[in-house]
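Just so you know, residue 1 is the first one in the sequence shown, and it goes up from there.
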Amino acid sequence: MTLIQELMNQSISSTVLNTGLVKRFSPAEIRETIQSLVATEQIELANALGDAGLSLYPQSEDILAITSLLAIMNQDWTLAVELMDELHAIQAGNTPAFTYVMYVRALRCNLDPARAYAMVCEGLAKYPDQVELLAEKLSLDDLSTSMLVPLGQQH
C-alpha cells in the first residue's frame, strides 16, 4: 500500500500524523506523496508529512528538496533558505539548475540580495544558458544599479 493510500484509508489529519506510519516509507515515496497532496490541495497534510519526513530523514535530498519547496509555497523564506542551504551542501557539485533558481528566489524573498547574487553567479558558472538563472541575474543587476554599492562588490 502506498503512503497516500495509508493516509487516506486511516483518515489521518495533519495534527495526528506521526513518524510511526511514515518511517515505513522511503524518502522518495514521501516526496511523491507530498507532491500528490499538494496537487490535490491538501497543503496542511503535505506540510505535516514534510515535517515527519524531515525528522526521519534530515539529510535526504528528496526530503530537503520537497520541504524547501513547501517552505517557498508557504512563503516561509527563513526556513526555505535554511533548507536550501542544507540541500546545496549535500548536493555539492551536483546541484541542479532548478535548485539554484529556487535558492536564488528564496534568498531574494528573504531580503538577502547579496547572497542571491553570489548564488546566481555560482549557478550560471555551471549552467550558463539556463534562462531562469539569466533572468534572475538581470533582475539582481537592475537592483544593484539602484544601490550605492553593486551586489557583486559586497562582502
How many angstroms lie between [atom1] in [X] and [atom2] in [Y], if you round to the nearest 0.5 Å?
X: E82; Y: S68; atom1: CD; atom2: OG; answer: 11.0 Å
X: Q42; Y: E44; atom1: CD; atom2: CD; answer: 10.5 Å
X: Y117; Y: E122; atom1: OH; atom2: CD; answer: 13.5 Å
X: F25; Y: L49; atom1: CZ; atom2: CG; answer: 10.0 Å
X: T67; Y: L83; atom1: OG1; atom2: CG; answer: 4.5 Å

Backbone N or O of [Y] within a donor-acceptor pair of the [X] side chain at under 3.5 Å?
X: T99; Y: T95; value: no
X: E32; Y: E29; value: no
X: Q91; Y: N94; value: no
X: T40; Y: S36; value: yes
X: N47; Y: I43; value: yes

Which atom pair, heavy atoms only, marks the closest approach of [X] to [Y]?
X: L87; Y: E61; result: CD1-O, 3.8 Å
X: R115; Y: D85; result: NH2-OD1, 2.6 Å
X: I66; Y: Q35; result: CD1-CG, 3.7 Å
X: A92; Y: K126; result: O-NZ, 3.7 Å
X: A80; Y: I72; result: CB-CG1, 3.7 Å
X: S55; Y: P58; result: O-CD, 4.1 Å

Around atom CZ of F98, are there more than 12 heavy atoms from other residues, nucleotides or ligands closer than 6.0 Å?
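Open: at most 12 neighbouring heavy atoms sit under 6.0 Å from CZ of F98.
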Could you see if M73 belongs to whatever hydrophobic cluster contains W77? Use Ile, Leu, Val, Met, Phe, Trp, Tyr and a side-chain cutoff under 4.5 Å.
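Yes; tracing contacts between hydrophobic side chains, which count when under 4.5 Å, links both residues.
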Should I90 and V104 be regarded as members of a common hydrophobic cluster, given that ILVMFWY residues are connected when their side-chain heavy atoms come within less than 4.5 Å of each other, either directly or indirectly?
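Shared cluster, yes.
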Verdict with supporting geometry, V120 and L134, side-chain contact (heavy atoms from CB on, under 4.5 Å):
CA-CA 8 Å; V120 81; L134 289 167; over 6 Å; no
Derivation and outcome, salt bridge (Lys or Arg N to Asp or Glu O under 4.0 Å), residues R108 and D112
CA-CA 5 Å; R108 286 182 62 184; D112 196 346; over 6 Å; no
Report yes if the side chains of [X] and [Y] come closer than 4.5 Å at any heavy-atom pair, otherwise no.
X: L56; Y: I63; result: no
X: D62; Y: I30; result: no
X: L70; Y: D76; result: no
X: M119; Y: M84; result: no

Apply the test side-chain contact (heavy atoms from CB on, under 4.5 Å) to residues Q75 and C109: give CA-CA distance (whole Å), side-chain angles for both, the deciding distance (0.1 Å), then the verdict.
CA-CA 8 Å; Q75 297 183 6; C109 290; over 6 Å; no
Y100 vs E136, side-chain contact (heavy atoms from CB on, under 4.5 Å): CA-CA, chis, key distance, verdict
CA-CA 10 Å; Y100 279 110; E136 290 292 341; over 6 Å; no
Can we say R105 and E132 salt-bridge, meaning some charged N sits less than 4.0 Å from an Asp/Glu carboxylate O?
yes
